[in-house]
Structure formats: C-alpha cells, structure tokens
Amino acid sequence: MNEEQYKNIKNRREFMKLGALFATVPFVDMLSSRSLLAKNIDKMTFSTELIKNGEVITAAHWGLLKITLKDGKIINSEEVLQRGETKNPQTTVTGDLVYTKSRIKYPMARKSFLENKKGNGELRGKDEWVRLKYDEAIKLVADKLKETIHNHGNEAIFAGSYGWKSSGALHSASTLLRRFMTLIGGFTGHTGDYSSGASQIIMPYVMGGLETYEQQTSWPLVLENSKIVVIWGADLYATLRIGFTSSDGLGLKYLEDLKHSNIRKIVIDPVRNDTAKFLNAEWIALRPNTDVALMLGIMNELYKSDIYDKEFIETFTSGFDKFEGYLKDKSPEWAGKICGIDSKIIKKLAHDFKDNLTCFMSGFALQRAHHGEQPHWALATLTSMLGTIGKKGGGFGLSYHFGNGGVPESNAKVIGAMRQGVEPANNAKLKFPVARITDAILNPGKTIDANGAKVTYPKKIDFIYWTGGNPICHQQNTNELLKAWKKPSTIVVNEMYWTSSARHADVVFPICTPYERNDITMSGDYSKTNIVPMRQLVEKQFESVSDYDVFLDLSKQFNVEDKFGEGKSEMDWINQFYNQAKTGADKAEIEMPDFATFWNENKPLNFDATSEGQDFVRHQDFIEDPILNPLGTKSGLIEIYSEEIAKMNYDDCPPHATWIEPKEWLGMKKPAAEFHMVSPHSKYRLHSQLSNTSLRDTYAVNEREPILINTNDAKRKGIKNGDIVRVYNSRGQVLAGAVVTDDIRPNVVRLYEGNWYSPKGGKGKDADLCLNGNANCLTLDISSSKLANATSAHTALVNIEKYKGKKPPKPYVFDEIDSKI
Ligand SMILES: Nc1nc2c(c(=O)[nH]1)N[C@H]1C(S)=C(S)[C@@H](COP(=O)(O)OP(=O)(O)OC[C@H]3O[C@@H](n4cnc5c(=O)[nH]c(N)nc54)[C@H](O)[C@@H]3O)O[C@H]1N2
Ligand SMILES: Nc1nc2c(c(=O)[nH]1)N[C@H]1C(S)=C(S)[C@@H](COP(=O)(O)OP(=O)(O)OC[C@H]3O[C@@H](n4cnc5c(=O)[nH]c(N)nc54)[C@H](O)[C@@H]3O)O[C@H]1N2
Ligand SMILES: [Mo]
C-alpha cells in the first residue's frame with residue numbers, strides 16, 4: 001500500500017489491519033529517494049555510542065522498557081509508561097535475557113554433520129558440538145545452500161521459518177532470511193499462522209475480512225454502552241501483555257476499567273483463567289472444543305422463543321433460511337449434553353444476551369482445534385440473531401485479547417520496515433499451510449485440499465533454515481516432527497539461546513539479543529501509540545552477531561550483497577524507517593522531531609488517540625448503509641450460509657456453522673484417554689521466550705512446568721499439590737508439576753504451551769520423556785479441516801498419573817553448551 005492508496009481509502013479506520021504488519025509490508029511506500037537520506041546523513045549527529053552508566057529507553061514485545069546500566073552492564077529493567085495498576089513482570093528480566101548461561105556463544109556445528117557421516121541426521125539433538133570460526137560457518141552454510149540448489153532446486157529450501165522473533169523494524173529475523181533467500185532464487189515458504197489459522201480463512205467468507213487482525217470497537221464505547229461483556233475463550237489479563245510490535249499497556253488499563261465498572265462479566269472457558277479471577281467474573285466452565293454446541297443451544301432458545309432479530313437477519317445477512325432447519329433441533333438440552341452446561345443456564349444466557357446489550361470478546365484458542373473454522377462463524381451467527389453487530393458496545397470482537405485491539409487509534413504515521421521482497425519480487429516459490437510442516441517433510445510431493453484449491457508440497461525439503469522461531473516447541477506432536485527433522489540434509493538455525501530447535505540443528509549462528517543492536521519500533525499495534533528508539537544497550541556478547549549481518553555475509557557469497565544491504569548501515573535503515581513516518585506526519589502537520597533529535601532524546605514519541613479512534617465502531621458503516629458499504633463477502637452481507645464453501649464440498653467444513661465432533665474430546669464414545677488437555681499462553685512468557693529467565697522460579701513446580709488438575713480428579717488419582725506427574729498418550733509423555741485447584745473443569749488439565757523440550761534421552765523406553773513438560777509432545781497434528789489446514793493444538797486427550805520412579809533429573813535444556821572438541 002502506498003501513500004496515494006492510503007489517502008483514497010474510503011474508510012480510513014479500515015486501514016489499520018494487523019495482517020499487513022504481519023506481512024511486514026510497510027504501509028507507506030518505501031522512500032526511494034536516496035537524496036532525502038543523504039540530506040539527513042549530512043546533518044546526522046545522532047549518537048550510537050553505548051551509554052555505560054545511566055538509563056536507556058527501549059522496547060520489547062512485552063512493552064516499553066527503562067534499562068539502568070552501570071559500568072556497561074544491565075542492572076535493572078522496568079516498565080515505562082505503565083498506564084494502570086497491572087504490572088507486567090516480563091519487563092523486569094532484560095538482564096537475564098542478555099546474561100543467561102543458555103546463550104549460544106559462538107558459531108557451532110554438529111560433529112558428525114561436519115564429518116559428513118552418512119545418515120548423520122539421526123544424530124540431531126544427540127551429537128557433540130564443534131566451535132567454528134564465523135567465516136568458516138558462513139562458507140559452510142553458503143556451500144550447503146549451493147549444493148541444495150544445484151541438486152534439488154530452490155524449492156528444496158524451506159525458509160517459511162515461522163516465529164515471533166523480537167520487536168524491531170530492521171532486525172526482523174524471518175524477514176531478513178526471506179529477503180536473502182529471495183535474492184538467491186527463491187525458497188519454499190508458508191501460508192497462515194498458528195495464532196488464528198482457522199478463523200483468518202473462514203471469516204473472509206462470513207464477514208468479508210480477517211476479523212482476527214482488525215481494529216475493534218473502541219474500549220471507551222464498550223465501557224460506556226455494553227451491559228454484559230462475555231470473554232469467550234480468551235485470557236486478556238495474560239495475552240495483552242504482548243504486542244506484535246510492542247505492547248503499549250493500554251489494553252490492560254481498559255481491562256482494569258472493565259473490572260471497576262458495573263458491567264456484568266462472564267468468562268466462558270474450561271479454566272477459571274487469570275482474566276476470570278482478575279475481573280471476578282461469572283465462570284461458565286464448558287468442556288473444551290464444545291463452544292459451537294453451546295452457541296447453537298443459545299441460538300435455538302432465541303429462535304424458539306421468537307426473540308431473535310428478524311429485521312437484522314433479513315437486512316444484513318444471507319442464508320439464514322438454509323441454517324434454520326439445522327438449528328431447529330439444537331435445543332439447550334441437546335447442547336447441554338455436549339458442552340456439559342445445565343440447559344437452564346443456556347436458556348438464561350439467551351434471554352440475558354437479548355435483554356442486555358452484550359459485547360462478545362473471543363480469543364483464538366477455541367479455533368486452534370479440530371473444526372476450528374466453526375466457533376467464530378457460530379459467534380457471528382449468534383450476534384447476527386441478537387442484531388448487535390455494528391452497534392456501540394455490541395457484536396463480537398476477535399482481537400480484544402490480541403495486539404491491544406480496541407485501544408483507540410492515534411494519528412501517528414507508520415514507520416517503515418525491512419522488506420522481504422526485493423525487486424523484482426521473487427518471493428516464495430511454493431507455500432503450504434504453516435502447521436503442515438511435519439506432513440510436508442514426511443510426504444514430499446503430496447497434494448492436499450486447501451481453501452478450495454490444491455496445494456502440492458515440494459518434491460523434497462532438503463535444507464531448513466530457521467530464524468526467529470522455535471519449531472521444536474511450537475509445532476504439534478513433537479515426536480512426529482522429530483521423525484521428519486531427521487530427513488533434510490542440512491538444518492541451520494540462527495538463535496540467541498540453546499532452544500530445543502537450536503539443539504536439533506546442524507549449524508547454529510549465535511545471534512545477539514535486541515539489546516545488543518540498534519533498531520526502532522512502534523507500540524500498541526492498532527493504536528500506534530508510540531514510536532520508540534531501540535538503542536543498543538550493551539556490547540555484543542561473546543561472538544554473537546545480528547541476523548542482518550549473517551544474511552549480509554551470506555549474500556556476499558552469492559554476490560547479492562548490494563541488493564540485500566542497499567549499501568546502507570544499520571543506522572541508515574533506522575533513519576529511513578523513521579523518516580517514512582515523518583514524511584507522512586509533515587504532510588499531515590503532525591509534529592515529529594528530526595531523526596537525530598528523536599534518537600538522542602532517549603524517549604518514546606507519544607501520539608494521542610484521535611476522536612475518530614475513540615468513536616470507532618466495527619462494522620458501523622455497513623450497518624448504516626449496507627448498499628453503499630457492503631462487506632467483502634460474495635453477497636456483500638454477513639454470510640450465515642456460504643455458497644462458496646458449499647461448492648468446495650468438504651466433509652469437514654460444512655457451509656454453515658455446525659457442531660462436528662472433534663477427533664478427540666471428552667464426549668466421544670471410546671475416549672483414548674481420560675483428560676482433555678488445553679495448552680494456552682502463559683502470562684510469564686511469550687511462547688517459549690522468557691522461559692530461560694528467573695521468572696521461571698516463580699511458577700515452576702518441582703522444577704517442571706505446572707499442570708492444573710481439578711481437586712476431585714487429583715484425589716481420585718492420588719495426586720497432591722506439588723507432586724511430579726507423568727502426562728502421556730499414544731503420542732508422547734512429559735513430566736510436569738501438579739497444581740491442584742478448583743479453577744479447572746473436572747477431566748480437563750492445563751499445561752501452557754512454550755515450554756522448552758528437554759527429553760530424557762538414552763536408550764530406555766523413557767528416552768522420549770520430556771523432563772520439562774513440553775505440551776506439544778502430547779498434542780495432535782491434524783488439520784482443522786480441508787478449508788484452513790490450521791493447527792488443532794487444543795484437541796488432545798491425555799492421561800495423568802503420579803510419577804512413581806525415583807526423582808527424575810532436572811530439565812537440562814537451560815544449561816550451557818560448550819564445544820568439547
Ligand atoms: N500446544 C500449543 N502449541 C502452540 C500454541 C498453543 O496455543 N498451544 N500456540 C501457537 C502460536 S499462537 C504461536 S504464535 C506459536 C509461537 O511459536 P514461536 O513464534 O516459534 O515461539 P517463540 O518462543 O516466540 O519463538 C521465537 C524464537 O525466536 C528467538 N528469537 C527472538 N529474537 C530473535 C532474533 O532477533 N533473531 C533470532 N535469530 N532469533 C530470535 C527466540 O529466542 C525464540 O526461540 O506457537 C504455537 N504453538
Ligand atoms: N503473555 C502472553 N501473551 C501473549 C502470548 C504469549 O505467549 N504470552 N502470545 C500471543 C499470541 S502469538 C497469540 S496467538 C495470542 C493467543 O491468544 P489466545 O489464543 O486467545 O490465548 P490462549 O491463552 O491460547 O487461550 C485463551 C483461553 O482459551 C481457553 N480455552 C482453551 N480451549 C478452549 C475451548 O475449547 N473453549 C473455550 N471457550 N476456551 C478454551 C484457555 O483456557 C485460555 O484461558 O496471545 C498473544 N499474547
Ligand atoms: Mo500466535
């Protein structure tokens with residue numbers, strides 16, 4: 001999108017879509033004008049000298065930070081601009097992140113890989129490590145890339161490299177990787193993401209847009225108008241700590257306002273999660289993966305009582321007539337048997353929602369499941385029947401829990417960002433849905449159905465390059481992934497730490513932390529509250545380098561460094577990105593200092609919410625005039641029934657919201673295991689990031705990841721608070737530390753995602769036992785459906801027992817690795 005298109009956008013508020021941020025496509029066209037850059041360089045007096053003693057402002061996903069330095073060392077880290085009462089402890093451990101013993105210190109390679117032993121891929125994760133000189137490592141990786149391209153073509157290089165990397169417009173690890181790979185002839189990439197993989201594919205058919213990465217009706221309007229707020233499968237108190245750029249802390253502030261308001265709060269979740277506790281909300285503890293049944297029960301009550309909004313259905317939706325027949329027998333009693341909620345409660349909810357303007361805030365976990373396309377479609381249908389979409393304080397929102405959605409947008413212009421595409425654009429040659437990675441490696445050349453089309457996996461994936469992500473933690477069914485991981489000839493990982501993924505590579509580059517390089521970011525995602533300098537705080541530790549330098553040096557081996565780096569230094573880029581926003585701001589007469597002043601001042605620029613931002617109501621334009629402002633769906637209306645999906649004729653994705661039994665759930669005829677495991681996101685981490693900090697001491701139980709188990713279940717199983725338990729199913733086994741509580745529905749356990757995989761090893765039957773409690777050893781790796789092929793992480797049955805052997809070893813995965821050779 002360029003400035004001209006931006007100006008022409010009919011609805012300016014529609015502009016701020018996180019989807020675009022995810023693609024790291026700058027909103028305003030790159031400033032091609034070198035002259036402007038040159039002009040600025042002339043008067044550049046900004047300092048890149050390290051401040052040895054004093055305070056420096058920077059930013060991370062978890063917020064804006066104030067770092068105190070003494071003699072060049074980080075001695076304190078805290079949140080700046082904390083808006084409410086809620087403290088985010090993630091902001092306090094910057095020192096741990098820099099000085100942890102789990103850092104990768106030097107370029108290293110696996111011994112038998114270096115020796116080129118046949119079948120050496122079997123030894124990934126088990127081999128010894130050899131220290132390399134940096135230039136040697138660059139040459140080695142470049143040669144292996146050339147070999148792969150020569151033997152199998154660029155398609156055989158998988159550089160999809162999904163992951164949350166660090167904040168920063170320049171040092172965006174995966175963008176840099178793909179920029180480099182584009183220049184050497186292309187690669188195989190991915191589509192979609194793990195976060196909202198199912199909803200982001202279905203919602204365009206239903207609402208005409210992603211919904212999951214779009215601005216929400218503003219919080220002030222919710223607080224002013226809603227009578228009930230339903231938090232449906234979301235944990236805002238935990239997940240609002242994180243921003244895709246950097247959290248501005250305002251989402252948590254609004255959550256506090258909700259807490260102190262008279263609005264009725266209801267949390268629908270198998271777990272009485274942190275948000276439910278924080279808000280002291282009513283808790284409806286349904287069975288995992290049964291949300292659609294509950295929604296249908298509520299809709300059936302609205303329908304039978306004849307209190308649904310017929311006018312809204314007629315004016316703003318299409319296909320209700322094709323859904324009606326299905327809905328007729330989905331009584332609250334029927335629903336209650338499936339979701340485990342008393343039918344009286346279901347009926348009452350229907351009437352309460354009808355009588356009191358209700359805002360439904362829904363998270364992503366419920367769509368990270370088998371048939372995950374259905375829940376948010378059902379929610380759109382339910383809110384259509386209530387007739388509240390597009391009304392202040394009504395409707396549904398799929399991003400109140402993510403990226404600080406609903407925080408009013410400011411007038412800030414967006415800074416530039418590194419691009420993965422270099423002209424002429426030659427991006428990914430092939431792409432497949434991101435969570436299909438194991439399937440794609442194990443089944444080369446296989447063709448799958450995907451969103452009405454066919455996708456064929458590469459004939460061979462022979463080289464994997466990962467940077468900024470931790471696949472042997474984030475991908476479902478770890479043991480199956482590890483089988484696949486043995487197949488490629490070469491696996492290279494750029495990492496700061498010896499994560500599970502780094503440990504399973506052939507070559508690792510030691511990457512510096514964001515606190516050892518210069519960068520720039522915005523905060524608040526949709527709200528664009530700040531532009532923040534991210535100054536280098538300390539010297540690069542050990543022999544660490546930035547991803548930028550690794551890919552620049554690799555580019556040299558292919559004679560494409562001019563295109564990769566465009567002859568610019570780190571500070572040239574940052575200056576350019578800043579000036580992209582400033583040029584826009586100047587035109588709009590929004591005050592921004594010149595770059596040197598901004599950089600030297602050592603403080604974030606703050607942009608206030610606009611009145612337009614404060615008044616934003618999602619889909620208001622459509623409701624005001626559906627003819628003039630149609631939705632982006634085929635009919636221009638909310639599609640309760642989709643002809644397009646009907647045409648695909650998928651057995652696992654019907655053309656209207658439907659309850660379909662997931663592959664594993666508690667109501668199935670012959671459950672393979674006793675408990676349903678949910679694996680949501682921890683308030684102490686960002687996935688696997690921050691696992692290796694002192695925060696772990698505050699939550700680990702008996703040196704393992706905590707697992708929540710219901711009091712009665714624990715009694716039945718002879719498990720006490722603090723016991724080490726073994727959690728297992730046909731896919732794997734892990735140890736965890738029991739937390740016995742009434743805050744979870746019986747027969748459900750909760751083990752957070754993002755815990756570093758630490759297998760016991762050796763030869764016995766316990767070799768695959770994860771000592772640390774990595775949830776994905778137990779999850780199911782199947783597609784949500786043929787439509788989205790999203791992850792089904794939350795569809796998993798497990799068994800649990802008290803661990804009876806002698807005290808198992810501590811997880812070693814946070815220890816240092818050194819070359820023994
Ligand atoms: N069971 C289960 N599994 C899940 C989920 C779930 O709910 N349940 N959630 C899924 C979701 S939504 C997501 S988004 C994924 C998250 O999966 P990931 O995004 O892979 O998780 P992170 O731990 O953020 O991984 C980022 C890695 O990049 C490294 N890193 C940070 N900055 C840099 C940098 O500048 N350069 C380099 N080279 N490396 C860097 C960090 O050290 C870290 O190891 O997990 C998914 N997996
Ligand atoms: N602190 C922190 N914040 C984060 C992240 C992080 O790792 N840490 N990750 C960021 C990212 S990448 C993402 S995608 C988002 C994730 O945002 P979400 O996917 O919304 O978050 P989760 O924590 O996975 O799940 C939210 C709630 O859903 C519940 N749940 C699980 N299964 C079901 C079900 O079947 N039905 C219902 N009704 N509820 C269910 C869980 O118990 C949990 O309370 O968070 C973002 N913010
Ligand atoms: Mo995510």
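Heavy atoms only: backbone and side chains are in, while hydrogens, waters and symmetry mates are out. If you're wondering where the values come from, they're calculated on a predicted model, not measured in any experiment. Numbering of ligands and ligand atoms starts at 1, following listing order.
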Asker: So is there a nitrogen or oxygen of Phe364 less than 3.5 Å from a nitrogen or oxygen in ligand 2?
Answerer: yes
Asker: Please state which part of Asn494 comes within less than 4.0 Å of ligand 1, counting heavy atoms only: side chain, backbone, both or neither.
Answerer: both
Asker: Given His794, Glu516, Arg517, Met496, which has its nearest heavy atom closest to atom 35 (O) of ligand 1?
Answerer: Arg517
Asker: Which bit of Leu286 is near ligand 2, meaning a heavy atom under 4.0 Å away: side chain, backbone, both or neither?
Answerer: side chain
Asker: Using distance alone, with no hydrogens and no angle criterion, decide if Asn470 and Ser501 have a side-chain donor and acceptor under 3.5 Å apart.
Answerer: yes
Asker: I'd like to know if the side chain of Thr795 pairs up with that of Ser792 as donor and acceptor (distance under 3.5 Å, no hydrogens or angles considered).
Answerer: no
Asker: Students should be able to answer this: which protein heavy-atom is nearest to atom 14 (S) of ligand 1, and at what distance?
Answerer: Tyr162 OH, 3.1 Å
Asker: Any nitrogen or oxygen of His474, main chain or side chain, under 3.5 Å from a nitrogen or oxygen of ligand 1?
Answerer: yes
Asker: Give the single entry among Asp274, Leu366, Thr290, Asp291 that approaches atom 38 (N) of ligand 2 most closely by any heavy atom.
Answerer: Asp291
Asker: Within the 3.5 Å criterion, strictly below it, is a donor on Tyr162 or Gln475 matched to an acceptor on the partner's side chain?
Answerer: no
Asker: Hydrogens and angles aside, do Ser174 and Lys165 bring a side-chain donor and acceptor to less than 3.5 Å of each other?
Answerer: no
Asker: Looking only at distance, does Arg685 have an N or O less than 3.5 Å from an N or O of ligand 2?
Answerer: yes
Asker: What is the closest protein heavy atom to atom 5 (C) of ligand 1, and at what distance does it sit?
Answerer: Glu753 OE1, 3.5 Å
Asker: How does Val678 reach ligand 2, by side chain, by backbone, by both or by neither, if only non-hydrogen atoms under 4.0 Å count?
Answerer: side chain
Asker: Please check whether Asp269 reaches ligand 2 - meaning an N/O of the residue sits under 3.5 Å from an N/O of the ligand, judged on distance alone.
Answerer: yes
Asker: Answer yes if the ring centres of Phe353 and Phe360 are under 6.0 angstrom apart, and no otherwise.
Answerer: yes
Asker: Evaluate Gln475 for polar contact with ligand 1, using N/O atom pairs at a separation under 3.5 Å.
Answerer: no
Asker: Hey, which atoms in ligand 2 end up nearer than 4.0 Å to a heavy atom of Lys683?
Answerer: 1 (N)
Asker: How far is atom 11 (C) of ligand 1 from the closest protein heavy atom, and which atom is that?
Answerer: Tyr194 CB, 3.5 Å
Asker: May I ask you to check whether Trp498 and Phe814 place their ring centres under 6.0 Å from each other?
Answerer: no
Asker: Which is it for Tyr497 and ligand 1 at heavy atoms under 4.0 Å: side chain, backbone, both or neither?
Answerer: side chain
Asker: What protein heavy atom sits nearest atom 19 (O) of ligand 1, and how far off is it?
Answerer: Trp164 N, 2.8 Å
Asker: Could you say whether the N/O atoms of Ala238 and ligand 2 ever approach to under 3.5 Å?
Answerer: yes
Asker: Near Ile511, which atoms of ligand 1 are under 4.0 Å from a heavy atom of that residue?
Answerer: 36 (N), 38 (N)
Asker: Is ligand 1 under 4.0 Å from a heavy atom in the side chain of Ala793, in the backbone, in both, or in neither?
Answerer: side chain
Asker: Under 3.5 Å, N or O to N or O, is Thr779 touching ligand 1 that way?
Answerer: no
Asker: Parallel, tilted or perpendicular: which one describes the rings of Tyr548 and His171, with boundaries at 30° and 60°?
Answerer: perpendicular
Asker: Between His474 and His687 (judged by ring centroids, cut-off 6.0 Å), do the two rings come close enough to count as a pair?
Answerer: no
Asker: Any side-chain donor-acceptor pair under 3.5 Å between Tyr237 and Thr86?
Answerer: no
Asker: Assess the side chains of Thr791 and Gln476: does a donor N or O sit below 3.5 Å from an acceptor N or O?
Answerer: yes
Asker: Run down the list Gly168, Ser161, Gly468 and name the one with the heavy atom closest to atom 39 (N) of ligand 1.
Answerer: Gly468
Asker: Do Ser783 and Asn789 have side-chain atoms, one donor and one acceptor, less than 3.5 Å apart?
Answerer: yes
Asker: Atoms of ligand 1 less than 4.0 Å from Asn776 heavy atoms?
Answerer: 1 (N), 2 (C), 3 (N)
Asker: Are the aromatic rings of Phe551 and Tyr465 close, with centres under 6.0 Å apart?
Answerer: yes
Asker: Once you restrict to heavy atoms under 4.0 Å, what part of Gln689 touches ligand 1? Side chain, backbone, both or neither.
Answerer: both
Asker: Can you report which non-hydrogen protein atom sits closest to atom 36 (N) of ligand 1, along with the distance?
Answerer: Asp547 OD2, 2.7 Å
Asker: Under 3.5 Å between some N or O of ligand 2 and some N or O of Ile242?
Answerer: no
Asker: Which ligand 1 atoms are under 4.0 Å away from a heavy-atom of Leu686?
Answerer: 23 (O), 24 (O)
Asker: We want to know whether Asn755 and Ser688 form a side-chain donor-acceptor pair, criterion being a heavy-atom distance below 3.5 angstrom.
Answerer: no
Asker: Side chains of Asn692 and Trp756 only: does a donor on one sit below 3.5 Å from an acceptor on the other?
Answerer: no
Asker: Within the 3.5 Å criterion, strictly below it, is a donor on Ser362 or His376 matched to an acceptor on the partner's side chain?
Answerer: yes
Asker: Regarding Asn774 and Thr478, is there a side-chain donor-to-acceptor distance under 3.5 Å anywhere?
Answerer: yes
Asker: So which protein heavy atom does atom 22 (P) of ligand 1 come closest to, and at what separation?
Answerer: His687 CB, 3.7 Å
Asker: Between Ser501, Ser166, Ser167, which one has a non-hydrogen atom sitting closest to atom 31 (C) of ligand 1?
Answerer: Ser166
Asker: What I want to check is whether the side chains of Thr91 and Asn88 have a donor and an acceptor closer together than 3.5 Å.
Answerer: no
Asker: Show me which atoms of ligand 1 lie under 4.0 Å from any heavy atom of Thr467.
Answerer: 37 (C), 38 (N)
Asker: Any nitrogen or oxygen of Ser679, main chain or side chain, under 3.5 Å from a nitrogen or oxygen of ligand 1?
Answerer: yes
Asker: Based purely on interatomic distance, does Arg368 place a nitrogen or oxygen under 3.5 Å from a nitrogen or oxygen of ligand 1?
Answerer: yes
Asker: Looking only at N/O atoms, are His681 and ligand 2 under 3.5 Å apart anywhere?
Answerer: yes
Asker: So, regarding Ser195 and ligand 1 (criterion: nitrogen or oxygen to nitrogen or oxygen, under 3.5 Å), is there a contact or not?
Answerer: no
Asker: Between Ala369 and ligand 2, find which residue part has any heavy-atom pair under 4.0 Å and reply side chain, backbone, both or neither.
Answerer: neither
Asker: Taking both backbone and side-chain atoms of Gly363, is any N or O found less than 3.5 Å from an N or O belonging to ligand 2?
Answerer: no
Asker: Taking atom 27 (C) of ligand 1 as the point of reference, which of Arg103, Glu495, Lys165 owns the nearest heavy atom?
Answerer: Glu495
Asker: Step through it carefully: locate the ring centre of Trp164, locate the ring centre of Trp62, and say whether they are under 6.0 Å apart.
Answerer: no
Asker: Would you please say whether a donor-acceptor pair under 3.5 Å links the side chains of Gln200 and Asp193?
Answerer: yes
Asker: Does an N or O anywhere in Asn289 fall below 3.5 Å from an N or O of ligand 2?
Answerer: yes
Asker: When you check the side-chain N and O atoms of Glu373 and Trp377, is any donor under 3.5 Å from an acceptor?
Answerer: no
Asker: Give me the nearest non-hydrogen protein atom to atom 23 (O) of ligand 1 as residue plus atom name, then the distance to 0.1 Å.
Answerer: Ser688 OG, 2.5 Å
Asker: Determine the sole option in Phe402, Phe244, Tyr526 for which the ring pair (Phe, Tyr, Trp, His ring centres under 6.0 Å) test with Tyr213 is passed.
Answerer: Phe402
